[in-house]
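What follows is a single structure, written as structure tokens, with notes after it.
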Amino acid sequence: MTGKFQAPKGVSEYFPPRSSHFDFVLRTLTAPALAAGYELIELPIFEDTELFTRGVGESTDVVSKEMYTFEDRGGRSITLRPEGTAGVMRAVIEHNLDRGQLPVKLFYRGPFFRAERPQAGRYRQFYQFGIEAIGLNDPQLDAEVIAIAFEGYRRIGLKNFSLHLTSLGDSESRASHRSRLMEYIDSLDLDEETRNRAKKNPLRLFDDKRPEIQKLMAQAPLLLDFLNDESKNNFGEVQDALSSIDIPFEINPRMVRGLDYYTGTTFEFVHSGLGAQSGIGGGGRYDGLMSTLGGQDLSGIGFGLGIDRILLAMEAEKIELPIANYTDLFVIALGEPARKRAFVMIQELRNQGFVVEQSYGDRGLKGAMKAADKSGARFSIVLGDAELSTGSVELKEMATGQALSVTLSALAKTLAEKSR
RNA sequence: GUGGGCGUAGCUCAGCUGGUAGAGCACCCGGUUGUGGUCCGGGAUGUCGCGGGUUCGAGCCCCGUCGCUCACCCCA
């Protein structure tokens, strides 16, 4: 094995047959977004480093220790994007996409990068599908965004997942809670590292997996209890909207999101069949992000769904794809004259929209038939000297073994009739 | 960054207290000079991750190293 190149550590990559699942997931997630009027935005993989330090937040782990940052030839600091929202905001501001009717509704997909130690469901290059709805603060929009993710998972066939929901409230609510929470945390007997973590973002302690910390935090004041009337009403309306379209959720006041820009409604989809990394998607509202990045003071809401983890979840639930890759016809040509004739015929059939495969080289009829079988083709034909001289072939239905004599000129027409 | 597990055929793995490497699947050929799936017969493939040590002898023991993997922190 030495001397062979290997993919860099911790990257996810997809090749057949799994790559068709990857493609299926992406297509399936896109459909509900399109149905709700979201449009594609395709953005660069790398951005100005400062976009993330300012947008995502310097205190987050993502920015402080997980970014792929390098200097380009002009001496600029460049970072491979660790998440999608900041880049979308940059593009919206830069190209004045928020000048027209609001909200601006966009979706994106592609690779993201974080320099972490890889483990099950966590990669250094991973894939996300995300949407953003910018410029409108309406509980119904929050519910719409969540519904799009939910419907995507549903269409993929996932069942063993749940939606965790909470609200971080507005800045007034957060401020009043934060001082009480800090007071509480100060009274605890904590090691220095944990205390430092709490200083950066006290909410983090709610998420700590160590049982002793869980115990200490059991009595901690919850942000949900500190929401002012406006935030409370807003969150109530989000819940009502979700209930009205039968989307089940559980309120989880201890849920913590990793990025600093979240405000108001936040949510996370968790799958039960994965390892330690069980989140298959999450998102929330962000009030201050746009203005932080130099744009208008607009609110937005969005999500990011982890394609890699969705694939793992599919495998955990043993979900089969509806259709793999369908082949109409497999052509076996014997002898040089037949091969030349077949080559032309195959191109014509493909250009007419049929999925046509063929056997290559001369591997013998038996081997060629085996290849036909494995291709999953519905029909096969053998084209040799005899067929060339009579101008007709046996169109064989692979599943039944039954064959039908068809003239070469009528082949396309017959295939079309059969595949109806 | 910290800790556990594992590196043997294309894949999944077996390999006894150290004795010179195997199975299943996949692949190729044949049984059937031009018709697949089932069945039967045959075949190819390994620097046993890499380097060193112990030994008459190492896939197995020891040391180092690289890689993979799972978990912590954190997250998709």
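Reminder, nothing fancy here: chain letters follow the sequence lines and each chain counts from 1. Because the structure is predicted, anything quoted here is derived from the model rather than measured. The analysis underlying the following values was restricted to heavy atoms, covering all of them including side chains, and did not include hydrogens, waters or symmetry mates.
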- Query: Going by modelled atom types, is there a donor-acceptor pair between the base of B/rG34 and the side chain of A/Glu387 at under 3.5 Å?
  - Reply: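 Result: at least one qualifying N/O pair found.
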- Pair assignment for RNA chain B - dot-bracket with | for other-strand partners, Watson-Crick or G-U under 3.5 Å: (((((((..((((.....[..)))).(((((.......))))).....(((((..]....))))))))))))....
Output all residues satisfying side chain to side chain donor-acceptor pair (under 3.5 Å) with [X], sequence neighbours left out; order by chain, then residue number.
| X | value |
| --- | --- |
| A/Ser299 | A/Arg285, A/Asp287 |
| A/Tyr14 | A/Asp308 |
| A/Arg254 | none |
| A/Gln128 | none |

- Item | B/rG36 OP1/OP2 closer than 4.0 Å to side-chain N/O of A/Lys396 |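 No, because none of the side-chain N or O atoms of A/Lys396 sits under 4.0 Å from OP1 or OP2 of B/rG36.
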Whole angstroms only, please: what is the [atom1]-[atom2] distance between [X] and [N]?
| X | N | atom1 | atom2 | answer |
| --- | --- | --- | --- | --- |
| A/Glu394 | B/rU35 | CD | C1' | 10 Å |
| A/Asp373 | B/rG36 | CG | P | 10 Å |
| A/Met398 | B/rG37 | CE | P | 9 Å |
| A/Leu395 | B/rG36 | CG | P | 17 Å |
| A/Leu365 | B/rU33 | CG | P | 10 Å |
| A/Phe5 | B/rG67 | CZ | P | 15 Å |
| A/Met369 | B/rG34 | CE | C1' | 10 Å |

[N] versus [M] - spacing of their [atom1] atoms, nearest Å:
| N | M | atom1 | result |
| --- | --- | --- | --- |
| B/rA58 | B/rG19 | C1' | 10 Å |
| B/rC62 | B/rG4 | P | 16 Å |
| B/rU8 | B/rC61 | P | 15 Å |
| B/rG43 | B/rU54 | C1' | 40 Å |
| B/rC63 | B/rC72 | P | 29 Å |
| B/rG37 | B/rG30 | P | 13 Å |
| B/rA23 | B/rG46 | C1' | 15 Å |
| B/rU12 | B/rA21 | P | 23 Å |

Using a heavy-atom cut-off of 4.0 Å across all strands, would you classify [X] as base, sugar-phosphate, or nothing?
| X | value |
| --- | --- |
| A/Ala371 | nothing |
| A/Ala399 | base |
| A/Ala372 | nothing |
| A/Gln6 | sugar-phosphate |

- Should the heavy atoms of other residues, nucleotides or ligands under 6.0 Å from CZ of A/Phe206 be counted, would the total exceed 12?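 More than 12 within 6.0 Å, yes.
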- Task: Among A/Ile131, A/Ile41, A/Leu43, find the one that has a side chain to side chain contact (heavy atoms under 4.5 Å, CB included) with A/Leu106.
- Result: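 By the side chain to side chain contact (heavy atoms under 4.5 Å, CB included) criterion, A/Leu106 pairs with just one of A/Ile131, A/Ile41, A/Leu43: A/Ile41.
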- Write out all pairs satisfying salt bridge (charged side-chain N to carboxylate O under 4.0 Å, His left out) with one or both partners inside residues 390-403 of chain A, taking only residues at least two apart or from two chains.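 Salt bridge (charged side-chain N to carboxylate O under 4.0 Å, His left out) check on residues 390-403 of chain A returns A/Arg378-A/Glu397.
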- So, does A/His177 use its side chain to make a donor-acceptor pair with the main chain of A/Pro221 at under 3.5 Å?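 Yes, the answer is positive, given that a donor and an acceptor are paired below the 3.5 Å cut-off.
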- Query: Is the backbone N or O of A/Leu259 less than 3.5 Å from a side-chain atom of A/Thr60, with the two atoms forming a donor-acceptor pair by type?
  - Reply: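 No.
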- Message: Restricting to ring-ring contact (aromatic ring centres under 6.0 Å, His included), what partner residues turn up for A/Phe269, sequence neighbours left out?
- Response: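 A/Phe269 satisfies ring-ring contact (aromatic ring centres under 6.0 Å, His included) with A/Tyr153 only.
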- Check salt bridge (charged side-chain N to carboxylate O under 4.0 Å, His left out) between A/Asp246 and all other residues, then give those that pass, not counting sequence neighbours.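 Scan of A/Asp246 (salt bridge (charged side-chain N to carboxylate O under 4.0 Å, His left out), adjacent residues dropped) gives none.
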Are there any protein N/O atoms within less than 3.5 Å of an N/O atom in nucleotides 74-76 of chain B, and if so, which ones and at what distance?
residue, atom, partner, partner atom, Å
B/rC74, OP1, A/Arg197, NH1, 2.3
B/rC74, O2, A/Glu116, OE1, 3.3
B/rC74, O2, A/Arg122, NH1, 2.9
B/rC74, N3, A/Arg122, NH1, 3.3
B/rC74, N4, A/Lys209, NZ, 3.4
B/rC74, N4, A/Gln277, NE2, 3.3
B/rC75, OP1, A/Arg204, NH2, 3.2
B/rC75, OP1, A/Gly258, N, 3.3
B/rC75, OP1, A/Gly258, O, 3.0
B/rC75, O3', A/Arg114, NH1, 3.1
B/rC75, O2', A/Arg114, NH1, 2.5
B/rC75, O2, A/Gln277, OE1, 3.1
B/rC75, O2, A/Arg309, NH1, 3.1
B/rC75, O2, A/Arg309, NH2, 2.5
B/rC75, N3, A/Gln277, OE1, 2.6
B/rA76, OP1, A/Arg257, NH2, 3.4
B/rA76, OP2, A/Arg257, NH1, 3.4
B/rA76, OP2, A/Arg257, NH2, 3.3
B/rA76, O4', A/Gln128, NE2, 2.8
B/rA76, O3', A/Gly279, O, 3.3
B/rA76, O3', A/Gly281, N, 3.0
B/rA76, O2', A/Gly279, O, 2.7
B/rA76, O2', A/Arg309, NH1, 3.4
B/rA76, N7, A/Arg114, NH1, 3.3
B/rA76, N6, A/Glu116, OE2, 3.0
B/rA76, N6, A/Tyr123, O, 3.1
B/rA76, N1, A/Tyr123, N, 3.0

- Message: Counting only side-chain heavy atoms from C-beta out, which of B/rG30, B/rC70, B/rG34 sits nearest to A/Ala120?
- Response: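 Of B/rG30, B/rC70, B/rG34, B/rC70 is nearest to the side chain of A/Ala120.
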- Task: On RNA chain B, check which nucleotide each of A/Arg117 and A/Lys370 is closest to and give me the residue with the more 5' one.
- Result: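 With A/Arg117 and A/Lys370 compared, the 5'-side residue is A/Arg117.
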